[in-house]
2 protein chains.
Amino acid sequence: MEHEQGAVVLRSLRLKVTPRRLAVMNCLGEERAYLSAEEVWHRVRPRLGSIGLPTVYRILDELAGAHIVTRIFRSDRKQYYFLCPNQEHHHHFVCDSCRHVEDMDLCGLDGMTREIVRRSGGRVLSHILQVNGLCAECSKQNREMP
Amino acid sequence: MEHEQGAVVLRSLRLKVTPRRLAVMNCLGEERAYLSAEEVWHRVRPRLGSIGLPTVYRILDELAGAHIVTRIFRSDRKQYYFLCPNQEHHHHFVCDSCRHVEDMDLCGLDGMTREIVRRSGGRVLSHILQVNGLCAECSKQNREMP
DNA sequence: GTACAAATGAAAGTTGTTTTTGTTTATACG
DNA sequence: CGTATAAACAAAAACAACTTTCATTTGTAC
């Protein structure tokens with residue numbers, strides 16, 4: 001995500017355009033992978049001179065609230081974030097090795113949703129679908145999971 | 001889950017049959033819903049006289065490790081547990097109102113998996129699929145989400 | 001019954017995240 | 001271009017969920 005592009009996004013969210021926010025957005029834009037708040041912190045610190053960890057959390061929260069970044073909860077009980085400005089209904093293919101995240105435009109749960117409703121008589125409101133594996137690159141190099 | 005049944009499960013896991021472990025299993029067996037460790041604690045305490053919260057965590061960990069209970073992570077960063085001895089590949093339909101959990105034998109992701117592999121060239125290793133909604137009962141009563 | 005490994009409680013520790021409070025900074029407006 | 005002011009920020013402490021440690025108790029095999 002380029003500087004000017006980031007500024008436009010921030011202004012459209014009525015957020016002030018500050019070096020910290022731009023740095024966090026750039027950081028996530030450069031990696032197409034998920035990062036923890038602390039990892040983002042380590043990456044942006046040198047560029048800014050200094051930034052507090054709570055500030056990183058606050059910025060990530062704001063961006064997640066605006067659906068500019070997506071927050072995922074992994075089984076290590078940490079929250080991870082990645083840039084995902086795509087507002088359409090979609091899911092993610094996550095590489096277990098390099099953490100690369102790819103959008104998947106396919107969902108394929110409509111039929112299943114109907115089936116659940118038919119069988120159980122309940123109502124389906126949402127679903128979480130995440131596909132884990134190895135991206136093409138890691139698969140080629142036969143990388144193991146970390 | 002009845003007493004003797006619980007004892008059999010514990011013995012097959014080479015775990016000692018203790019009142020605490022039986023109480024935790026019974027507790028989760030009675031609710032067909034997910035509970036937090038603390039909620040389990042509150043429910044089993046009166047039956048046992050007393051039990052420490054760390055013990056509840058330990059027991060839930062053991063049972064989760066043995067795939068007798070399933071652990072889920074929700075966006076409140078807490079871990080929840082429910083009894084699910086079903087070892088077949090399946091997913092869950094979770095009621096957002098009463099937390100009731102139903103097994104779904106349908107998965108329907110095989111075709112999608114093939115499509116992802118075809119398009120991206122990566123490898124799919126696993127997936128998380130969880131369907132949220134209202135169970136038949138809550139839907140009928142038009143219950144809101146908590 | 002007895003011995004021994006396993007289970008447990010109590011208290012303290014760890015970790016990821018959030019709140020608080022006082023200071024600094026971006027932006028709108030003159 | 002100042003300047004007012006609302007927002008952003010740092011630092012420190014607080015918080016909540018969970019885990020570890022270690023001394024004591026309890027199942028279980030013999």
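Atoms considered below: every heavy atom in the structure, side chains included; atoms not considered: hydrogens, waters and symmetry mates. Just so it is clear: chains get the letters A, B, ... in the order the sequence lines come, proteins before strands, and each one is counted from 1.
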Legend entry - side-chain hydrogen bond (donor to acceptor under 3.5 Å, both in side chains) contacts touching residues 64-75 of chain B (sequence neighbours left out): B:Y34-B:R74, B:D61-B:R71, B:R71-B:Y81, B:R74-B:N132
Inset, instruction - Any pair with a residue in residues 45-60 of chain A that passes side-chain hydrogen bond (donor to acceptor under 3.5 Å, both in side chains), sequence neighbours left out, goes on the list, sorted by first then second residue, please. - result: A:E30-A:R47
Rounded to the Å, how far apart are [X] [atom1] and [N] [atom2]?
{"X": "B:L10", "N": "C:dA6", "atom1": "CG", "atom2": "P", "answer": "15 Å"}
{"X": "A:L48", "N": "C:dT25", "atom1": "CG", "atom2": "C1'", "answer": "14 Å"}
{"X": "A:Y57", "N": "C:dT15", "atom1": "OH", "atom2": "P", "answer": "13 Å"}
{"X": "A:E39", "N": "C:dG16", "atom1": "CD", "atom2": "C1'", "answer": "13 Å"}
{"X": "A:L35", "N": "C:dG16", "atom1": "CG", "atom2": "P", "answer": "15 Å"}
{"X": "B:R77", "N": "C:dT15", "atom1": "CZ", "atom2": "C1'", "answer": "10 Å"}
{"X": "A:L60", "N": "C:dG16", "atom1": "CG", "atom2": "P", "answer": "15 Å"}

Inset, instruction - Sugar-phosphate means primed atoms, P, OP1 and OP2; the rest is base. With that split, encode nucleotides 7-12 of chain C 5' to 3' as B, S or - using protein heavy atoms under 4.0 Å. - result: SBB-B-
Legend entry - Any donor-acceptor N/O pair, B:S120 side chain to B:I116 backbone, under 3.5 Å: yes
Legend entry - A:H100: ring-ring contact (aromatic ring centres under 6.0 Å, His included) partners, not counting sequence neighbours: none
Legend entry - salt bridge (Lys or Arg N to Asp or Glu O under 4.0 Å) against A:R21, all qualifying residues, sequence neighbours excluded: A:E62
Legend entry - Listed partners of A:R14 passing salt bridge (Lys or Arg N to Asp or Glu O under 4.0 Å), at least two apart: none
Legend entry - Outermost DNA chain D nucleotides near chain B [under 4.0 Å, heavy atoms]: D:dA17 to D:dT28
Legend entry - 4.5 Å side-chain heavy-atom contact, B:M104 and B:H92: no
Legend entry - Residue pairs passing the ring-ring contact (aromatic ring centres under 6.0 Å, His included) test where at least one lies in residues 108-130 of chain A, sequence neighbours excluded: A:H89-A:H127, A:H91-A:H127
Inset, instruction - Return the set of residues passing side chain to side chain donor-acceptor pair (under 3.5 Å) with A:E31 (not counting sequence neighbours), or none when no residue passes. - result: A:R43
Inset, instruction - Could you list the residues that satisfy side chain to side chain contact (heavy atoms under 4.5 Å, CB included) with A:A136, not counting sequence neighbours? - result: none
Inset, instruction - Compute the angle between the rotation axes at the two ends of the helix from C:dG1-D:dC30 to C:dG30-D:dC1, each taken over five pairs, rounded to 10 degrees. - result: 40°
Inset, instruction - If a pair satisfies salt bridge (Lys or Arg N to Asp or Glu O under 4.0 Å) and one of its residues is in residues 97-112 of chain B, list it, with sequence neighbours excluded. - result: A:R119-B:D105, B:E39-B:R99
